[in-house]
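Remarks on the structure that follows.
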Amino acid sequence: MTTEIYLDGNATSPVLPAAIAAATCAMGQRYGNPSSSHAAGLSAKALLDQARQCARRLLGVGEGRLMFNSGATEGIQTAVLSALVALRERREQGEAIGSLLVYGATEHKAVPESLAHWNRLLGLNLTLHKLPVTAQGTHDLDALRACAGEAALVCTMAANNETGVISDIAGIQRVLEQTGCKAYWMVDCVQALGKLALNLAATRIDYAPFSGHKLYAPKGIGMLYVRAGAPFTPLIVGGGQESAQRSGTENMAGIAALGTVLAALERGDTFRSHAELEDYRARLADALRAALPGIVFNNPFENSLPTTLNFSVPGLASRELMDVFDAAQVRVSSGSACSAAKAAPSYVLDAMQLPLWRSAGAIRMSFGPLTDAAMIDDACRRIARCGAALRTGCLIPSERHGAAHDGLLQMGVEGACSWLVLDAASRSCVLIDPLPDHTARIEAFVRCQNYRVQAILNTTAGQQNGELIEALGRHAASRVPADAYGWPALPDSVTLAQVQSVPALKLGERTLACVVDGAQRHYLLGQAAQGQLAAAAVRFAFSNKQCAAALQGLTGAATLLCPSRDEQNQFCAATTAAAAVCCDSLQLDHAGLSQLLGAHPDALLIDVREDYEYAASATVLPVAGKVQSVPLSRLTEHAADWLTAADSTLVFICRSGNRSLKAAQCMRRLGHQHSYSLTGGLALAALAQAA
Ligand code: PLP
């Protein structure tokens with residue numbers, strides 16, 4: 001079985017084997033409470049002291065405080081609380097404190113959220129002020145200079161988690177000094193630990209939070225540095241642990257593990273050098289350039305952590321890139337918050353003023369300093385495989401004409417979709433309601449499959465398809481006179497009742513007829529007999545919205561309605577009322593699937609991942625049974641066939657269980673009562689199989 005390649009080190013890391021051993025020892029043998037005065041307690045206390053001493057040396061803490069806590073989010077809270085409490089006291093004593101809580105526009109959300117929270121709770125009423133960054137992602141020092149005089153607290157980061165961009169900490173310090181700024185200063189050092197040299201006491205930094213799980217220690221352990229003389233207020237009080245700075249019995253397993261990682265850093269014999277890591281990144285970047293034409297990197301390598309790459313590919317959504325990498329067992333993350341079909345842009349890349357397609361389509365690839373050359377080589381091979389898979393799937397430009405797809409293809413974007421009606425035999429196709437968002441995708445698809453677009457049709461008048469026609473070039477039929485809906489040469493006077501007489505479009509054996517319905521158009525697809533498209537022969541009806549009533553008499557019982565507005569992600573609908581769907585009854589876990597296959601050995605497993613995911617996937621499916629690949633974008637075409645065998649059992653599968661659930665729900669709504677979805681998808685099935 002292919003092993004996973006983990007390239008999401010900025011999100012978290014696995015735990016160093018020596019750190020696991022240290023944590024196990026702290027739990028199994030040296031389990032005492034470091035506050036106890038007996039031998040078991042003293043043994044735990046020695047462990048705690050050793051870890052702290054190592055951290056103090058490594059971070060150059062000097063006379064400052066260094067406390068263990070649960071992670072950076074807690075460290076940020078503590079720093080903000082400490083600064084704001086001190087500011088309130090100073091203000092109450094009549095001192096002028098500045099009115100601004102300044103934070104970098106690309107800070108982790110924990111920073112502005114904490115500022116807003118404590119500002120409100122403490123009743124300070126200071127103004128949160130977002131400090132812009134340059135196009136290169138570093139803090140805008142002129143903007144800082146302009147607001148420094150009014151700043152009460154300044155929050156910046158040492159390196160950014162999405163882009164790896166390294167901040168100009170010395171430059172920020174210079175501005176604060178030159179402007180005589182009295183503000184407290186927090187620097188979020190989470191992504192810097194182990195990757196940038198730190199000597200905190202030699203700087204003006206007041207607070208620096210750290211998180212263990214970004215550098216091979218477990219989750220739930222972190223540290224906070226507080227400069228000697230900087231104000232401090234504990235966030236948690238109680239038993240007085242950590243010199244009463246952070247009460248609660250210490251997380252000794254976490255501290256032992258973090259101490260082991262820090263000791264390895266200090267020794268310098270475990271992690272790769274900066275130069276080696278830069279070489280690894282260059283190799284990954286070369287592999288990406290070769291695999292993904294047009295790729296642009298969103299972080300300037302010369303000023304970023306050597307372990308981070310952030311990129312976008314024209315015409316590809318981050319969801320699609322994530323899916324293809326995941327299929328190849330390469331774990332990366334989208335630089336942005338993804339929803340099902342469309343990603344929200346990344347606020348970090350937005351702050352760098354990158355165009356929307358880059359900030360919404362960004363992928364972050366990040367690795368830790370424990371990575372080795374063999375792993376990078378393997379990652380490069382898999383990147384090449386992902387590129388080939390995307391090319392085969394016609395998602396990226398390819399002049400190699402792949403096997404032609406035939407039938408219906410549905411491209412969806414939240415609540416709307418474009419329909420492609422494809423006839424492989426004649427290599428001609430018709431586009432219905434193409435969305436501007438899909439221009440690049442449709443162009444890549446049509447070119448790569450060498451299709452000729454006979455017509456670009458709309459269900460409502462006046463849609464602008466000029467850009468698409470331009471993009472299609474020689475693949476678009478030479479301009480034939482068309483009406484405002486794109487329909488070639490339709491007489492003006494046709495009415496609903498006269499539909500049979502309307503000249504139809506021929507797509508190989510298929511016939512596409514047009515129905516005029518006031519300002520709307522509907523298009524009916526089926527096999528005509530003697531030049532007539534009978535209602536019973538209509539397989540698909542394309543409309544703007546679902547409107548079975550308008551098509552009564554023109555469609556048959558088996559016709560599927562294909563709306564181009566699809567708010568509920570329903571794909572298609574029957575002409576009769578939708579059947580009720582109970583979500584619980586259609587979800588199967590791995591054991592449920594085995595049971596079902598025992599009872600129905602003929603059940604068909606339908607993998608609804610897209611072709612390119614299938615092509616990129618190197619593993620055999622972790623499920624037994626008869627498997628058919630039907631990408632979700634082609635569900636409607638196949639739904640019509642499955643409905644003719646209503647007694648068959650269908651189990652939909654996908655990567656995580658989301659898409660398969662939608663497919664099973666669609667089939668149930670259409671009246672196919674034996675449709676199921678594998679919960680948790682292939683990811684959980686693989687785990688269940690391994691167990
Ligand atoms: N700051 C930065 C830059 C981060 O990357 C993270 C984690 O992603 C945090 C703060 C919060 O760390 P934690 O979730 O470990 O508390």
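For reference, positions follow the sequence shown, starting with 1. Counting starts at 1 for both ligands and their atoms, following the listed order. Quick note: numbers below take in every heavy atom, side chains included, and nothing from hydrogens, waters or symmetry partners.
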Min N/O separation Asn10 to ligand 1 under 3.5 Å: no
Distance flag, aromatic centroids of Tyr216 and Phe271, threshold under 6.0 Å: yes
Structural part of Lys219 in contact with ligand 1, heavy atom criterion under 4.0 angstrom: neither
Mode of Glu107 contact toward ligand 1 - side chain, backbone, both, neither (heavy atoms, under 4.0 Å): neither
Protein contact of atom 5 (O) of ligand 1 - nearest heavy atom, named by residue and atom, plus distance: Gln191 NE2, 2.9 Å
Residue and atom name of the nearest protein heavy atom (relative to atom 4 (C) of ligand 1), distance in Å to one decimal: His108 CD2, 3.3 Å
Minimum-distance protein heavy atom relative to atom 15 (O) of ligand 1: Ser211 OG, 2.5 Å
Among Asn160, Thr163, Asn298, the one residue meeting side-chain hydrogen bond (donor to acceptor under 3.5 Å, both in side chains) with Asn310: Asn298
Of the listed options Asp188, Val111, Ile221, closest to atom 3 (C) of ligand 1 (non-hydrogen atoms): Asp188
Protein heavy atom at shortest distance from atom 16 (O) of ligand 1: Thr73 OG1, 2.6 Å
Side chain to side chain contact (heavy atoms under 4.5 Å, CB included) evaluation trace for Trp118 with Leu235: CA-CA 11 Å; Trp118 292 108; Leu235 178 70; 3.7 Å; yes
Nitrogen or oxygen atoms of Glu74 and ligand 1 under 3.5 Å apart: no
Arg246 to Phe68, cation-pi by 6.0 Å centre distance and 45° axis angle: no
Proximal atoms of ligand 1 relative to Lys214 (non-hydrogen, under 4.0 Å): 5 (O), 6 (C), 7 (C), 8 (O)
Where ligand 1 meets Met157 - atom numbers and elements under 4.0 angstrom, heavy-atom basis: 3 (C)
Atom 12 (O) of ligand 1: nearest protein contact (heavy atom, Å): Ala72 CB, 3.5 Å
Six-ring centre of Tyr347, Lys109 cation under 6.0 angstrom, axis tolerance 45°: yes
Any side-chain donor near an acceptor of the partner, Arg364 and Asn10, under 3.5 Å: no
Close side-chain approach of Ile172 and His139, heavy atoms under 4.5 Å: yes
Plane angle bin for Phe311 and Phe325 - parallel if under 30°, tilted between 30 and 60°, otherwise perpendicular: perpendicular
